[in-house]
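Values reported hereafter were calculated over all heavy atoms of this structure, with side chains retained and with hydrogens, waters and symmetry mates removed. Proteins come first, then strands; the chains are lettered A, B, ... in the order of their sequence lines, and each starts at number 1.
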Amino acid sequence: MKNFALGKYVPFDSLVHRVDPRVKIFATIALLVAIFLPQETYSMTFLVEGVLFLLALTLLFISHVRFRDILLSLRSLWFLVIFLLVIYIVVPKKENVLGIAWNLNGWIVYWDAFAEAGKIVLRLVTMIMVTMVLTATTKPLDLTYALEWYMTPLKVVRFPAAEVAMTVSIALRFIPTLLEDASRVMKAQASRGVDFEHGRLWQKITGLTALIIPLFVSSFLRSEELANAMECRGYDPRKKRTRYRTFRLHVRDVLGLLLVAAILAGVIVLLAMHIDLFALWGIHAL
Amino acid sequence: MKAPETLLEVRHLSYGYEEERLALDDVSFSVNKGENVALIGHNGSGKSTLAKLLMGLLAPNEGEIFFFGLPLDRKNLYSIRGQIGIVFQNPDNQFVGSTVADDIAFGLENACVPQKEMQGIIESFAEEVGMSAFLGHEPQNLSGGQKQRVAIAGVLAMKPSFIIFDEATAMLDPKGRHEIATLVAKMRKENPDLTILSITHDIEEANRADRVLVLHSGKKVYEGKPDAFFGNPEIYEPTGLGRPFFYQMKDALLAEGIALPSEVCDLDSLREYLCR
């Protein structure tokens with residue numbers, strides 16, 4: 001239950017950790033766009049993706065994410081790699097430029113199949129790594145505040161941005177509490193003879209109701225008490241409140257913003273101007 | 001002598017969850033400024049119901065509640081809540097913020113305290129409850145007693161004149177209970193005007209109060225000094241409450257033929273007396 005590497009905050013005080021969460025959210029989205037913008041040739045695609053991959057890897061390295069955690073979060077991609085390869089080999093593209101990989105009695109497989117699959121896998125890997133930089137270096141609560149900041153303009157159309165942020169932050173705050181409840185209920189039920197681990201699927205599911213129903217009851221009780229406590233401490237969602245946590249942009253935030261904007265702009269320019277860097281250098285690449 | 005200022009007055013309060021059985025039956029009492037009053041009673045005596053009525057979470061069937069001379073009604077509810085602080089029983093269910101600092105800030109945010117002043121207020125009240133070193137900690141890394149101390153800091157930061165403890169130590173271990181008792185004693189020493197109503201079934205805590213109110217089956221059966229209650233079997237026995245250790249000792253000694261002199265009135269003086 002506690003074994004998700006993706007989305008796990010890594011407590012450390014690195015440069016990436018200190019960047020304003022709003023900047024990090026923007027940077028993540030900008031990099032994701034850059035990753036998924038299609039380049040014209042294979043060589044350009046792999047060049048751009050490769051640069052972005054190295055950037056993500058460097059950021060993860062700076063944020064002190066363990067190499068093992070990176071591999072763990074990429075583990076589930078293996079299935080996708082094989083699936084994509086099979087699809088591209090069985091259903092080849094109409095135009096193939098990279099030549100024939102092998103020809104087995106008329107069953108022709110082009111190198112393009114591997115290149116296409118590789119392209120998508122590289123993109124997905126980079127995407128996962130970029131989002132990992134965000135989640136590993138930003139506390140969930142700061143993420144919530146940053147999202148609330150982005151939702152502020154929606155207040156004009158009466159969107160309850162502050163309430164949504166409060167709800168999300170309370171939900172995050174109560175995850176460990178509810179996990180604790182769950183393990184307590186599991187132990188209590190196990191000591192009364194409920195088997196959560198053995199038996200057929202159906203038996204496992206019925207066993208789970210012995211966990212879920214008490215958990216529901218306790219979370220409803222908790223929410224009622226929490227609502228009372230919040231009310232008694234003067235919380236009124238319709239009233240104006242001040243904020244304890246506020247953000248101020250520092251030089252490093254502006255620099256980070258500029259860097260990411262430059263990367264995105266560069267990728268867009270390459271695409272829009274049909275620039276082939278290899279051709280400029282006089283290399284004929286496909 | 002100046003007449004004591006009444007902060008809370010409860011007049012002929014009755015409440016029933018079902019029509020035929022009243023959970024609270026014609027209860028009247030008052031709490032004066034600077035007093036430490038304990039409200040005790042067995043399970044089902046109506047003390048939780050009384051707590052909910054005092055916080056305005058339930059509306060009484062009959063009777064009235066006055067805080068600071070104002071009736072507790074829909075109109076005054078918010079202004080009254082701004083002046084009283086409540087510490088609840090479950091340490092987890094009143095921890096709103098994600099960290100200690102955020103939780104203390106929650107009440108300040110609601111009261112629209114300017115952001116610039118918050119850090120100073122948070123630090124001084126964390127210091128007050130001895131949680132300065134934990135400001136960045138998340139609730140799952142704190143003990144129950146520490147969480148309750150944070151809750152008290154959050155309440156104190158609002159500078160209330162009246163604090164209600166609703167079984168605030170019931171879910172704590174003896175160490176946590178001791179922490180809270182010491183803290184409350186310190187708070188009272190520093191601010192003699194601080195008024196405390198403590199709803200509890202901790203007999204020792206009740207014994208330390210200036211005055212106890214005893215509820216039994218929804219009725220008030222005693223109001224006055226703790227020693228007059230615990231020293232009088234005719235009153236305390238029907239309530240089914242336990243007795244503080246001091247009174248158990250006193251009776252046991254009496255059974256052995258040792259009568260204590262009247263100046264021995266608490267555990268410390270008893271210890272001194274026995275050692276002599």
With a 4.5 Å cut-off on side-chain heavy atoms, are [Y] and [X] touching?
X: B:L142; Y: B:F134; value: yes
X: B:T6; Y: B:L8; value: no
X: B:F106; Y: B:Q94; value: no
X: B:E62; Y: B:L13; value: no

Mind ranking [options] by heavy-atom pairs under 4.5 Å with chain B and telling me who comes out on top?
options: A:T246, A:I170, A:T177; value: A:T246
options: A:A227, A:P140, A:C232; value: A:C232
options: A:S223, A:G234, A:S169; value: A:G234

So which residue, [options], ends up with the most heavy-atom pairs under 4.5 Å with chain A?
options: B:V87, B:V113, B:D102, B:N110; value: B:N110
options: B:E109, B:M158, B:Q89; value: B:E109
options: B:A101, B:G154, B:A151; value: B:A101
options: B:E138, B:K116, B:Q119, B:K52; value: B:Q119
options: B:I122, B:T99, B:I84, B:V155; value: B:I122

Check B:D103 with A:R233, please: is the shortest side-chain N to carboxylate O separation under 4.0 Å?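 The answer is yes: the pair qualifies as a salt bridge.
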
Identify which part of A:E224 has an atom lying under 4.5 Å from any heavy atom of chain B, answering side chain, backbone, both or neither.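 A:E224 has no heavy atom closer than 4.5 Å to chain B.
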
Establish, from distance only, whether the side-chain atoms of [X] and [Y] form a donor-acceptor pair under 3.5 Å.
X: B:S14; Y: B:N61; value: no
X: B:S79; Y: B:N76; value: no
X: B:H42; Y: B:S45; value: no

Under 4.5 Å from any heavy atom of chain A, what part of B:Q140 do you find: side chain, backbone, both or neither?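 Answer is side chain: those atoms of B:Q140 sit under 4.5 Å from chain A.
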
Name the region of B:I104, side chain, backbone, both or neither, that has any atom closer than 4.5 Å to a heavy atom of chain A.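 When you check distances to chain A, only backbone atoms of B:I104 fall under 4.5 Å.
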
